[in-house]
Amino acid sequence: QVQLVESGGGLVQAGGSLRLSCAASGRTVSSYAMGWFRQAPGKEREFVAVISWSGGSTYYANSVKGRFTISRDNAKNTVYLQMNSLKPEDTAVYYCACAAKPGYLSAYVTPENYAYWGQGTQVTVSS
């Protein structure tokens, strides 16, 4: 079993920055891809970013490319999401997730390929 706990969310003005963290416990997640998703009120959960087990490869949704950066520290069993140039449309609950099994990064854009999820952290961007 893997427990994931997100932190770092909050209220920020448009153009500002936040750094989300996702701490894993229960067992190491260093062998698995880790992803971030978000869900705004009344909308489906959408893919944000994913990082390979080594941290050597990343993949982003077009809507955040160039503004968000995903990274990981396997020694700390933690994944991060640095969010810059935030926009009001980035407002959502952000979730981190651990992949169910090894695979190509492009497969991890869908929630079904993740086995474990955190409880989410709210990010609100004011205009």
Side-chain angles (χ1 to χ4, degrees):
Q1 273 286 30
V2 175
Q3 291 80 43
L4 302 174
V5 178
E6 302 95 336
S7 61
L11 174 63
V12 64
Q13 288 189 332
S17 298
L18 283 174
R19 188 194 194 204
L20 305 184
S21 298
C22 172
S25 62
R27 67 170 171 83
T28 181
V29 295
S30 61
S31 299
Y32 297 89
M34 296 288 294
W36 286 94
F37 285 73
R38 65 187 182 186
Q39 188 166 18
K43 295 187 177 181
E44 292 186 354
R45 190 167 297 190
E46 68 170 347
F47 168 77
V48 174
V50 62
I51 188 167
S52 63
W53 68 271
S54 67
S57 297
T58 57
Y59 186 74
Y60 297 91
N62 287 335
S63 58
V64 307
K65 198 174 298 182
R67 300 188 297 123
F68 291 10
T69 302
I70 188 172
S71 61
R72 67 190 299 163
D73 184 338
N74 284 340
K76 296 182 178 179
N77 232 18
T78 301
V79 179
Y80 306 96
L81 186 68
Q82 178 67 44
M83 305 186 295
N84 299 327
S85 302
L86 283 162
K87 305 175 181 180
E89 51 263 44
D90 294 319
T91 295
V93 177
Y94 283 71
Y95 300 89
C96 72
C98 179
K101 57 185 179 180
Y104 293 106
L105 279 190
S106 57
Y108 296 120
V109 300
T110 57
E112 292 74 19
N113 288 327
Y114 292 84
Y116 303 100
W117 292 84
Q119 84 291 347
T121 184
Q122 176 71 47
V123 171
T124 303
V125 184
S126 63
S127 57

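Every value quoted in this text rests on a predicted model; they were computed, and no experiment measured them.
Scored by the ring-ring contact (aromatic ring centres under 6.0 Å, His included) test, Y114 finds F37, Y108, W117 as partners (sequence neighbours excluded). For T69, there are no side chain to side chain donor-acceptor pair (under 3.5 Å) partners, not counting sequence neighbours.
Rounding to the nearest 0.5 Å places CE of M34 at 9.0 Å from OG1 of T78. Between N113 atom CG and L105 atom CG the span is 11.5 Å, to the nearest 0.5 Å. Summarising the geometry, atom OG belonging to S52 is positioned 14.5 Å from atom OH belonging to Y32; distances are rounded to the nearest 0.5 Å.
In terms of heavy-atom proximity, N77 sits nearest to S30 at OD1-N, 4.1 Å. Closest of all the heavy-atom pairs between V123 and M83 is CG2-CE, 3.8 Å. What you find for G8 and L18 is that their closest heavy atoms are O-CD2, 3.8 Å. V50 approaches A33 most closely through the heavy-atom pair CG2-CB, 4.1 Å. Of all heavy-atom pairs spanning V79 and S71, the tightest one is CG1-O, 3.3 Å. Among all heavy-atom pairs drawn from L4 and A97, the shortest one is CD1-CA, 3.8 Å.
One hydrophobic cluster, built from ILVMFWY side chains closer than 4.5 Å, cannot hold both V93 and Y80; they sit in different ones. Hydrophobic clustering (ILVMFWY, side-chain heavy atoms < 4.5 Å, transitive): I51 and Y116 are in one cluster. If you chain together hydrophobic residues whose side chains sit under 4.5 Å apart, V64 and V125 fall into the same group.
Two residues are said to be in side-chain contact when any heavy atoms from C-beta on lie closer than 4.5 Å; V2 and S25 fail this criterion. Counting heavy atoms from C-beta on, the side chains of I70 and Q82 never come closer than 4.5 Å. The shortest side-chain heavy-atom distance between Y60 and N62 does not fall under the 4.5 Å cut-off. The shortest distance between side-chain heavy atoms of F68 and W36 does not fall below 4.5 Å. Using a 4.5 Å cut-off on side-chain heavy atoms (C-beta onward), T124 and Q122 make contact.
The main-chain N or O of S17 is never found under 3.5 Å from a side-chain atom of N84 such that the two would form a donor-acceptor pair. Within the 3.5 Å criterion, the main-chain N or O of G9 finds a donor-acceptor partner in the side chain of T121. Side chain of E6 to main chain of C22: no donor-acceptor pair is present (N/O by atom type, distance under 3.5 Å, no hydrogens or angles). Of the possible polar contacts, none joining the Q39 side chain to the Y94 backbone as a donor-acceptor pair under 3.5 Å is found. Of the possible polar contacts, one joining the N74 side chain to the W53 backbone as a donor-acceptor pair under 3.5 Å is found. Not a single donor-acceptor pair under 3.5 Å links the side chain of Q13 to the backbone N or O of S127.
Relative to the ring axis of Y95, R38 does not place its NZ or CZ within 45° and under 6.0 Å from the centre.
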Walk me through it: do T91 and E89 pass the test side chain to side chain donor-acceptor pair (under 3.5 Å)?
CA-CA 5 Å; T91 295; E89 51 263 44; over 6 Å; no
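Identified under the salt bridge (Lys or Arg N to Asp or Glu O under 4.0 Å) test for residues 59-75, with sequence neighbours left out: R67-D90.
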